[in-house]
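Have a look at the structure below, then the notes.
By convention in this document, chain letters (A, B, ...) are assigned in the order of the sequence lines, proteins followed by strands, and residues within each chain are numbered from 1.
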There are 2 protein chains.
Amino acid sequence: MATDHRPLTLRDVSEASGVSEMTVSRVLRNRGDVSEATRERVLEAAKALGYVPNKIAGALASQRVNLVAVIIPSLRNMVFPEVMAGISHELEETELQPVVGVTDYLPEKEEKVLYEMLSWRPSGVIIAGLEHSDASRAMLKASGIPVVEIMDTDGTPVDCAVGISHRRAGREMARAIVKAGYENIGFMGTKMPLDHRARKRFEGFTEQLAKSGIEVMDQEFYSGGSALAKGREMTAAMLERTPELDFLYYSNDMIGAGGLLHLLDKGISVPRQVGLAGFNGVELLDGLPRRLATMDACRTEIGRRAARIIATRVAEPEAPVEPVIELSPKIDFGDTLRRR
Amino acid sequence: MATDHRPLTLRDVSEASGVSEMTVSRVLRNRGDVSEATRERVLEAAKALGYVPNKIAGALASQRVNLVAVIIPSLRNMVFPEVMAGISHELEETELQPVVGVTDYLPEKEEKVLYEMLSWRPSGVIIAGLEHSDASRAMLKASGIPVVEIMDTDGTPVDCAVGISHRRAGREMARAIVKAGYENIGFMGTKMPLDHRARKRFEGFTEQLAKSGIEVMDQEFYSGGSALAKGREMTAAMLERTPELDFLYYSNDMIGAGGLLHLLDKGISVPRQVGLAGFNGVELLDGLPRRLATMDACRTEIGRRAARIIATRVAEPEAPVEPVIELSPKIDFGDTLRRR
DNA sequence: TTGAAAGCGCTAACAT
DNA sequence: ATGTTAGCGCTTTCAA
């Protein structure tokens, strides 16, 4: 029955086991040579007392913090939990632990979160995107720890980057759509001046279309609300407004799925009459009546690679670094984009 | 151009500004009386150097860590990011910061994560569920910090709890279904012996049905894969096997939505011929052709309340504590459960 | 309003 | 195989 609530210290375990603090410390960290006998006594004492080591003190003394700061825009977009899964998985075999910070796509908040996380002196940083405030870039540079910028490779990383080229992704989708013979193309996406990756996809998309002399015929941007519902509404409105459209490109799979449901409702033939494509490869949607054409953003793989880079650099600080790793997502034609 | 990478310390700022470390510390924490002149000089020096305080050292010295450990089973189930959103939102007005740990529904992993987090000496713990290993409960008790168990109120908390009664939720849904005149009822859910809340809902559900002399006519449990697709498949299989079913109760909205899509595909009249209900109130699904009947799990509110309890207890350790706060979710009939 | 000294709980480095 | 000593970078406390 604990009544006093001073948390236990190494000293308590030391006294309970009749062994020096130093030896207790060694046992608890499996370090150095300790006889099996002492080892057991210490472990027993620690367990009996319910001792939980104080990492704060440990970190200060050892100048090592086995945390990896992971800074992402949001947890509500499934993309990021999936990246997290990749990171966690990869770090599981190491001493390192991920700690998440969320920026809500706001540069000021990113700056604040980054500052908070760096003040814990983590062993590395994994941060989404290549666009950061000058202050943020400065902090990252000055931190002196490995920094991996993820998701995007269109730009110059502070240290190194793992991701895909969203410009290229947009271009490739445009190429496939044109090749399939579609000509009257509409675009729908989030109204997010700060979602640079969506912006880059759109830029690549329009650029490539321009090469075939095609211009996006109608476009609409939304914010807030349920993506599925928004996709439905926007699609209905756009087809009403511009009935000659024969292809709709969506900046994410959820709104694309909403659009798909609308078209099926209306009895519009997909992909003959109207083709559709989204972006991400959201497994979530596998049960829909048709599989939406999409492009995998390689989320888990990106997380894995980024974590591996940090782990390697922590283990061997002098290991050579590849500044940019660009993964190559493939188009998944699904059932909503004609092949040919 | 920084070449040496010893991180900056208070001493560096002290030297750069010609003020004692102590005063620098006071400025950086807005503590005590510091003349406006020194204040500015210090701030300037800190900014020029790019100094980021070392929270490890600060926490050790002050015996205070402004972190709240949040321990949840998964990030891939949207329920938990939503709880997180509630927590973050509520903590935003305080000094406290949430730190997430994920257990994958495994008690051993929960134990490990809890141990890791407690070793950082957080100011409080928010942990999902009331079922924990003896070791975990012991750690929580011994920690001497406020602990809020969330999501569930069917059981006895270590310290205090905020959530809903899943037994009651199951009972209420059963009552509504019976009242609506359905009699041949099937159940589909996750094969998760460790998802205690889903289990409790199912128990409450069958109990209540029993009171009307009804027994669940068919049931199936799945694991893995895309929930939407699974819901579709399981529903198809179950109706094939037990065609006389007139109601399907799903343990979550995603599989319920899959089931709904299947029924609509087959041209089965919903909710006349077959009624459906899920659980959670997933906004995600708002764009479906019909709104699935469901029950809100009060996720954001739970997060908010839990965070508020921790914040209050941190500010006034002697504040009175209500051991269990039970929220009351209401049935949302949507378009798939007859009212009457 | 400012500074000096002591120490938070642990670990690195060096004895023994 | 085990112990001793000195600090990690801050904040608390007390003195000026």
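An OP1 or OP2 oxygen of dC10(C) is reached within less than 4.0 angstrom by no side-chain nitrogen or oxygen of R11(A). Between R26(B) and the phosphate of dT1(C), there is no side-chain N or O to OP1/OP2 separation shorter than 4.0 Å. A sub-4.0 Å separation between OP1 or OP2 of dG9(D) and a side-chain N or O of Y51(B) is absent. Side-chain N/O atoms of Q63(B) include none lying less than 4.0 angstrom from OP1 or OP2 on dC10(D). Taking side-chain N and O atoms only, T38(B) has no distance below 4.0 Å to OP1 or OP2 of dT1(C).
L60(A) has its CG atom 7 Å from the P atom of dG9(D), to the nearest Å. The nearest whole Å value for the distance from the CZ atom in R121(B) to the P atom in dC8(C) is 14 Å. At whole-Å resolution of the value, CH2 in W120(A) and P in dC10(D) are 13 Å apart. Atom CD1 in I56(B) sits about 12 Å away from atom C1' in dC10(C), given to the nearest Å. If you measure from atom CD of E21(B) to atom P of dA6(C), you get 15 Å, rounded to the nearest angstrom. Note: CZ (R41(B)) to P (dT1(C)) measures 15 Å, nearest angstrom. Summarising the geometry, the separation between CZ on R31(A) and P on dG3(D) is reported as 19 Å, rounded to the nearest angstrom. As rounded to whole Å, 12 Å separates atom P of dT11(C) from atom CG of N30(A).
With dT11(D), dC10(D), dC8(D) as the candidates, the nucleotide lying closest to the side chain of R29(B) is dT11(D). Of the candidates dC10(C), dT1(C), dT12(D), the closest approach to any side-chain atom of S35(B) belongs to dT1(C).
Neither side chain, T312(B) nor R308(B), offers a donor N or O lying under 3.5 Å from an acceptor on the other. Between the side chains of S133(B) and E111(B), at least one donor N or O sits under 3.5 Å from an acceptor N or O.
Ranked by how close their nearest DNA chain D nucleotide is to the 5' end, S25(B) and M22(A) are led by M22(A). In terms of position along DNA chain C, the nucleotide closest to G32(B) lies nearer the 5' end than the nucleotide closest to the other residue of the pair G32(B) and S62(B). DNA chain C is contacted by both S20(B) and L10(A); S20(B) maps to the nucleotide lying nearer its 5′ end (nearest heavy atom per residue).
A side chain to side chain contact (heavy atoms under 4.5 Å, CB included) with Y51(B) is found for one member of V42(B), L10(B), V24(B) and no other, namely L10(B).
Residue N54(B) is in sugar-phosphate contact alone, with no base atom involved, counting any heavy-atom pair closer than 4.0 Å across all strands shown. Heavy atoms of R39(A) sit nowhere under 4.0 angstrom from any nucleic acid atom.
For CD of E95(B), the number of neighbouring non-hydrogen atoms (other residues, nucleotides, ligands) closer than 6.0 Å is 12 at most. Environment of CZ in R11(A): sparse, with no more than 12 heavy atoms of neighbouring residues, nucleotides or ligands closer than 6.0 Å.
In this structure, V70(A) and P98(A) approach most closely via the heavy-atom pair CG2-CB, 4.1 Å.
Residue pairs that meet the salt bridge (charged side-chain N to carboxylate O under 4.0 Å, His left out) test with at least one member in residues 132-158 of chain A, sequence neighbours left out, are D152(A)-K200(A).
When the local axes at the two ends of the helix from dT1(C)-dA16(D) to dT16(C)-dA1(D) are compared, using 5 base pairs at each end, they differ in direction by 30° after rounding to 10°.
Proximity of E36(A) to R39(A): side-chain heavy atoms (C-beta onward) are separated by under 4.5 Å at one or more points.
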